[in-house]
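Written below as structure tokens is the structure these notes are about.
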Amino acid sequence: MNENFEPRIVAFCCKYCAYAAGDLAGSMRLAYPANIRVIQVPCTGRIDVIHLMRALESGADGVYVAGCLEGECHFLTGNLKAKRRVAQVRGILKAIGTDPERLQMYNLSSAMGPRFAEIAKDMTARMKELGPSPVNREQIVVLGNAA
Ligand code: FES
């Protein structure tokens, strides 16, 4: 593990649960790493494969989708669709030789502020362990220029 490496992590958070849990974590003054860039979405069902791939390609070392608990999505099956898409992209990552652990799905409620902070810490620790992402376009350009 490289202690100096600070991973960039994108979190797609449903506004009804994970985003609200993040707010709660803030209100509770729970500390979590500053590596997380939160993108609020109206429901995780709105997240498509291309959004996940773009986030990784654009420089994120890790990405996660945080939606409502299963059975509690405000749009009924949005989080189940997100779960399938995350699984699909994890398959793509594996096929191109990238660790699928770089993409995760979590389910939480708006009352789970401590869980939000715990997920942020877990993801940061995992990405520190994995190191910089090989599908980061910035790194590919640098390598391309070196040749
Ligand atoms: Fe939260 Fe659908 S409304 S995941």
Side-chain angles (χ1 to χ4, degrees), residues 1-3 5-141:
M1 178 173 12
N2 179 352
E3 285 299 326
F5 169 60
E6 287 300 335
R8 285 182 284 193
I9 298 168
V10 172
F12 291 100
C13 295
C14 164
K15 78 170 185 178
Y16 293 105
C17 55
Y19 193 84
D23 274 349
L24 179 61
S27 302
M28 294 172 78
R29 301 192 186 283
L30 300 173
Y32 59 87
N35 306 63
I36 314 295
R37 298 289 177 269
V38 174
I39 298 175
Q40 186 195 65
V41 293
C43 170
T44 55
R46 292 289 295 162
I47 300 163
D48 215 334
V49 166
I50 192 72
H51 302 126
L52 301 172
M53 294 300 289
R54 278 272 161 78
L56 288 162
E57 185 189 62
S58 301
D61 299 297
V63 173
Y64 64 92
V65 176
C68 298
L69 296 170
E70 288 193 14
E72 295 188 13
C73 171
H74 287 56
F75 301 94
L76 305 178
T77 57
N79 52 2
L80 301 178
K81 287 177 185 157
K83 184 180 179 180
R84 281 197 300 273
R85 290 171 186 151
V86 165
Q88 190 180 350
V89 174
R90 282 173 63 100
I92 294 169
L93 292 177
K94 194 172 178 188
I96 62 171
T98 302
D99 198 320
E101 292 296 303
R102 290 189 185 278
L103 177 62
Q104 299 291 331
M105 169 100 199
Y106 297 100
N107 298 89
L108 62 171
S109 77
S110 59
M112 297 168 87
R115 177 72 181 131
F116 181 91
E118 185 184 293
I119 289 168
K121 287 179 196 166
D122 281 357
M123 273 302 282
T124 303
R126 267 193 220 202
M127 294 312 117
K128 280 191 174 192
E129 194 100 358
L130 289 177
S133 169
V135 290
N136 179 343
R137 189 191 296 166
E138 291 167 19
Q139 290 187 358
I140 293 168
V141 170

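The shown structure was predicted, so the numbers you read here are calculated from the model rather than taken from an experiment. Every heavy atom of this structure was used, including side-chain atoms; hydrogens, water molecules and symmetry mates were not. Order of listing sets the numbers, starting from 1, for every ligand and every atom in it.
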Stepwise side-chain contact (heavy atoms from CB on, under 4.5 Å) check, N35 with D61: CA-CA 10 Å; N35 306 63; D61 299 297; over 6 Å; no
Under 2.8 Å: N/O/S of C14 next to atom 2 (Fe) of ligand 1: no
Which of the ligand 1 atoms, numbered from 1, are nearer than 4.0 Å to a heavy atom of T44: 4 (S)
Flag, side chain of R102 to backbone of V63, donor-acceptor distance under 3.5 Å: no
Inter-residue atom distance C68.SG - K15.NZ, 0.5 Å rounding: 11.0 Å
Numbered atoms of ligand 1 (with element) below 4.0 Å of Y16, judged on heavy atoms: 3 (S)
Plane angle bin for H51 and F12 - parallel if under 30°, tilted between 30 and 60°, otherwise perpendicular: tilted
Distance from atom 3 (S) of ligand 1 to nearest protein heavy atom, with residue and atom: H74 N, 3.3 Å
Ligand-side contact atoms (ligand 1) for residue partner C43, heavy atom cut-off under 4.0 Å: 2 (Fe), 3 (S), 4 (S)
Side-chain donor or acceptor of N79 paired with backbone N/O of L69 under 3.5 Å: yes
C68 near atom 1 (Fe) of ligand 1: N/O/S under 2.8 Å: yes
